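Notes for the one structure printed next.
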Amino acid sequence: MTETIQRINPKIWIFAIVLIGFVVLQAAVFLKIALNFNKKHHVLTSQEVKDAVKTGAVSVIGPALSVVLLAMTLITFVGPATTFMRVGVIGSASYELNIANTAADAIGVSLGTEAVTESVFTLCLFGMILASAPYFLNCFISLKPLDMAMKKAASKKISFTTYIGLAAAVGLIGRNTLNQMKSTPHVVAIVVSVILTLLMKSYIKRTGKKGLNNWILVICLIAGMTAAVLTKKYM
């Protein structure tokens, strides 16, 4: 397996750099288009945009660390170039590792063993790439209609984006929450995080210190993990 990675990875680096460069360029273009759209249709105020940037910058710290840790595991199985290319596009090392394992298992090979030849490795790589296709297809299918709907709503001075964002967040977080309720420590972490979030929101509303909104996720993550560890240790 190690020899296979060493032979293939130098060739993949070229494609990885090109692809990640495209992703960075795409993000910059999307940001510019979004800011111009907002400036034209006044979907968000300047302060709301600044708050969104601050919240995003702070909120990404926790998930980014978890991705880095999982990426280190993925490097062991598929090498640094492939990991850089796949995680840089999708951002989920666990998803990529799961797809690679599925592709290898489909032909009766265990990922990480010497049975992984160049052909098997290529199959795993194609599996990871094709598994991300639905994300890109969804962009072509849903973004244009949503863009047209936002323009129409903006012309009538009606904004529904807040409700869409809230509904998406509730659905995503709710699904992940249900999936994580596997044991008492998990439940304790969730309960502590929810209660702390409500208390902090109430405090912000009462005092007007909106800057704390940027730190709610980080504080609740740390509090929830701490509560889970203490629960597991003493119960």
Side-chain angles (χ1 to χ4, degrees), residues 24 27-70 91-94 142-143 146-147 149-235:
V24 173
V29 171
F30 279 1
L31 177 61
K32 183 179 180 181
I33 292 174
L35 292 175
N36 289 338
F37 181 90
N38 185 68
K39 185 177 181 180
K40 181 178 180 180
H41 297 286
H42 306 289
V43 179
L44 300 174
T45 64
S46 298
Q47 186 58 47
E48 287 175 331
V49 172
K50 292 179 181 178
D51 289 342
V53 171
K54 291 178 182 178
T55 302
V58 174
S59 301
V60 77
I61 295 174
L65 289 175
S66 65
V67 170
V68 169
L69 293 174
L70 285 170
S92 175
S94 58
S142 62
L143 291 185
L146 182 59
D147 183 52
M150 287 183 65
K151 289 180 179 179
K152 187 174 181 180
S155 65
K156 296 182 180 181
K157 297 182 179 180
I158 301 173
S159 177
F160 61 91
T161 53
T162 303
Y163 303 103
I164 290 181
L166 178 62
V170 169
L172 178 62
I173 295 173
R175 179 179 178 276
N176 289 337
T177 299
L178 291 175
N179 288 339
Q180 292 300 322
M181 296 182 72
K182 302 173 182 177
S183 63
T184 301
H186 287 87
V187 175
V188 170
I190 293 169
V191 171
V192 168
S193 299
V194 169
I195 293 175
L196 187 56
T197 299
L198 294 174
L199 290 175
M200 291 187 68
K201 279 291 186 180
S202 177
Y203 176 77
I204 292 169
K205 185 177 181 180
R206 190 170 62 254
T207 61
K209 296 180 179 180
K210 295 183 179 181
L212 286 174
N213 279 315
N214 303 327
W215 298 92
I216 288 179
L217 179 60
V218 175
I219 293 172
C220 290
L221 279 172
I222 294 174
M225 289 187 292
T226 303
V229 170
L230 292 174
T231 302
K232 187 176 182 179
K233 183 176 181 180
Y234 295 108
M235 287 189 65

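Only a predicted model underlies this, so the values are computations on that prediction, with no experimental measurement involved.
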> What pair of heavy atoms forms the shortest contact from Ser193 to Cys220, and how long is it?
Replying inline: OG-O, 3.3 Å
> Given Thr231, which of Val188, Val192, Val187 fulfils the side chain to side chain contact (heavy atoms under 4.5 Å, CB included) condition?
Replying inline: Val188
>> So does Ile222 get a backbone contact from the side chain of Thr226, meaning a donor-acceptor N/O pair under 3.5 Å?
In response: yes
> Checking side chain to side chain contact (heavy atoms under 4.5 Å, CB included) against Val194, which of Val191, Leu196, Ile190 comes through?
Replying inline: Ile190
> Judged by atom type as modelled, is there a donor-acceptor pair below 3.5 Å linking the side chain of Asn36 to the main-chain atoms of Lys32?
Replying inline: yes
> So do the side chains of Leu35 and Val49 get within less than 4.5 Å of each other, counting heavy atoms only?
Replying inline: yes
>> Let me confirm one number: the CD1-CZ distance from Ile204 to Arg206, rounded to the nearest 0.5 Å.
In response: 10.5 Å
> If you take all heavy atoms of Pro185 and Ala228, which pair is closest and at what distance?
Replying inline: O-CB, 3.5 Å
